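Before any comments, here is the structure.
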Protein chains: 2
Amino acid sequence: MARAATTTDTFNAVAEPRRREILDALTQGERPVNELVELLGLAQPQVSRHLRVLREVGAVDVRDEGRQRLYRLNPQALKPIHDWVSGYQHLWDERFELLDDVLADLKQEDTQDEGSGQ
Amino acid sequence: MARAATTTDTFNAVAEPRRREILDALTQGERPVNELVELLGLAQPQVSRHLRVLREVGAVDVRDEGRQRLYRLNPQALKPIHDWVSGYQHLWDERFELLDDVLADLKQEDTQDEGSGQ
DNA sequence: TTATCATATACCCATATGGATATGTGTGCC
DNA sequence: GGCACACATATCCATATGGGTATATGATAA
């Protein structure tokens, strides 16, 4: 088996730069495919396919408006990613260093308590 | 051209579930390949290659210790991802809704000022 | 109805995986 | 030196892209 299907996983869907561009563009509000094609400077079929992937992972929603299809951002879909990387934030963010130290100290004390048989 | 090389981009590197598992495991501290092989239940060559990818995007560092190679997490590499998704956080997090409303109001006032000639 | 606009699909193709397996390389132990 | 151990690489292979181009579908305008 090659890589996991990108349509299965938000991480994969968002790993593609063009798709991130699309999402970024949609933070400005609903947009028809047409407009995204111009913004990305990519051919329409490719944009449509990227949008399909984003739809399948729930990162965007569609709405029919005449002969256009308006795509809208569905930010909740990105929450899992945010949750995941946030777990690492304390490892690089100095604002968390003090807290880390405190926790380390507490853990140390616990260990000593156990060691001394409580 | 197919997908952008995973070794080029942290987003791609992290899009692979196994590689996320590796990073998660490394939050506990340095580990030899050996140990990661057991943890992931994946063959050693595959683990080595995932580690190579992670090294190439700077997500992990290596250190030689006798005949072992100890891999260590390099959390800063994940910061770009965190920065990117954080830009979306206000779109789903209700704690930001009030702030958004305020900003929207301010923007509204600006627009009216412009409209009135100012 | 027919032509046209806005999209979505269908293919084709080159390329990048990821896993499996075999083998190369460096280090410590006898 | 010779061998086992811990990893890293090299190949092979099936599969999943992503872009390019042609075409189908749906709605609206003429």
Side-chain angles (χ1 to χ4, degrees), chain A residues 1-23 25-26 29-73, chain B residues 1-23 25-26 29-73:
Chain A
M1 211 175 293
R3 172 179 299 206
T6 125
T7 57
T8 305
D9 181 69
T10 312
F11 280 90
N12 253 318
V14 156
E16 167 63 45
R18 298 349 254 287
R19 288 198 281 266
R20 257 175 283 149
E21 280 186 58
I22 291 179
L23 294 179
L26 293 181
E30 263 184 348
R31 286 180 192 281
V33 180
N34 197 356
E35 228 171 289
L36 293 170
V37 169
E38 274 190 50
L39 278 171
L40 299 200
L42 196 61
Q44 176 265 312
Q46 279 71 302
V47 173
S48 279
R49 265 204 340 221
H50 282 311
L51 285 168
R52 190 181 209 303
V53 173
L54 290 172
R55 231 189 319 152
E56 292 189 36
V57 299
V60 300
D61 291 324
V62 214
R63 181 168 73 84
D64 284 38
E65 176 81 26
R67 43 183 165 181
Q68 293 192 312
R69 309 204 73 191
L70 300 178
Y71 282 82
R72 179 168 12 104
L73 188 63
Chain B
M1 211 174 294
R3 171 179 298 206
T6 123
T7 58
T8 305
D9 182 69
T10 312
F11 281 89
N12 252 317
V14 156
E16 166 63 45
R18 301 341 260 286
R19 287 197 283 265
R20 257 175 283 149
E21 280 185 59
I22 290 178
L23 294 179
L26 293 181
E30 263 184 347
R31 285 181 192 282
V33 179
N34 198 357
E35 229 171 289
L36 294 170
V37 168
E38 272 190 52
L39 278 172
L40 301 199
L42 197 59
Q44 175 265 311
Q46 280 70 303
V47 174
S48 278
R49 264 206 338 222
H50 282 311
L51 285 169
R52 191 183 209 302
V53 173
L54 291 173
R55 230 189 321 153
E56 291 189 35
V57 300
V60 300
D61 292 321
V62 214
R63 180 167 74 83
D64 284 37
E65 175 82 25
R67 43 182 166 181
Q68 293 192 311
R69 307 204 75 192
L70 300 178
Y71 282 83
R72 180 171 8 108
L73 187 63

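Chain letters run A, B, ... following the sequence lines, proteins first and then strands; every chain starts at 1. Just so you know, these numbers come straight off a predicted model, no measurement behind them.
- Atom CG in Asp9(A) sits about 14 Å away from atom C1' in dA16(D), given to the nearest Å.
- Nearest heavy atoms, Val47(A) versus Leu40(A): CG2-CD1, 4.4 Å.
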Table of protein N/O atoms under 3.5 Å from nucleotides 25-30 of chain D N/O atoms:
none

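- Considering only the side chain of Asn34(B), dC7(D) comes nearest among dG20(D), dC7(D), dA6(C).
- The side-chain heavy atoms of Glu16(B) and Val53(B), taken from C-beta on, include no pair separated by under 4.5 Å.
- As a whole-Å value, the separation of Leu40(A) CG from dT7(C) P is 13 Å.
- In this structure, Gln68(B) atom CD and dA6(D) atom P are separated by 7 Å, rounded to whole Å.
- Proximity of a side-chain donor or acceptor of Arg31(A) to a complementary backbone N or O of Ala25(A) within less than 3.5 Å is detected.
- Rounding to whole angstrom units, CG of residue Leu42(A) and P of dG18(D) are separated by 11 Å.
- Atom CD in Glu30(B) sits about 16 Å away from atom C1' in dC7(D), given to the nearest Å.
- Shortest non-hydrogen contact noted between Asp9(B) and Ala15(A) is OD2-O, 4.0 Å.
- Taking all atoms of both residues into account, the shortest heavy-atom contact from Val62(A) to Arg72(A) is O-NH2, 4.4 Å.
- Between the CG atom in Leu70(A) and the CG atom in Leu26(A) there is a gap of 10.5 Å [rounded to 0.5 Å].
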Report, one pair per line, the protein and nucleotides 8-11 of chain D atoms (nitrogen or oxygen only) whose separation is under 3.5 Å.
residue, atom, partner, partner atom, Å
dA8(D), OP1, Arg69(B), NH1, 3.3
dA8(D), OP1, Tyr71(B), OH, 2.5
dA8(D), OP2, Ser48(B), OG, 2.4
dA8(D), N7, Gln44(B), NE2, 2.7
dA8(D), N6, Gln44(B), OE1, 3.4
dT9(D), OP2, Arg52(B), NE, 3.4

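- The distance from atom CZ of Arg31(A) to atom C1' of dA6(C) is 17 Å, rounded to the nearest whole Å.
- Between the C1' atom of dC5(C) and the CD atom of Glu35(A) lies a distance of 16 Å, rounded to the nearest Å.
- Shown here for Pro32(A) and Gln68(A), the closest heavy-atom pair between the two residues is CB-NE2, 3.7 Å.
- We find that NE2 of His50(A) is positioned 13 Å from P of dA8(C), with the value rounded to whole Å.
- Contact between Tyr71(A) and Val60(A) at its shortest, heavy atoms only, is CD2-CG2, 3.9 Å.
- The two atoms that bring Arg19(A) and Ala13(A) nearest to each other are NE-O, 2.5 Å, heavy atoms only.
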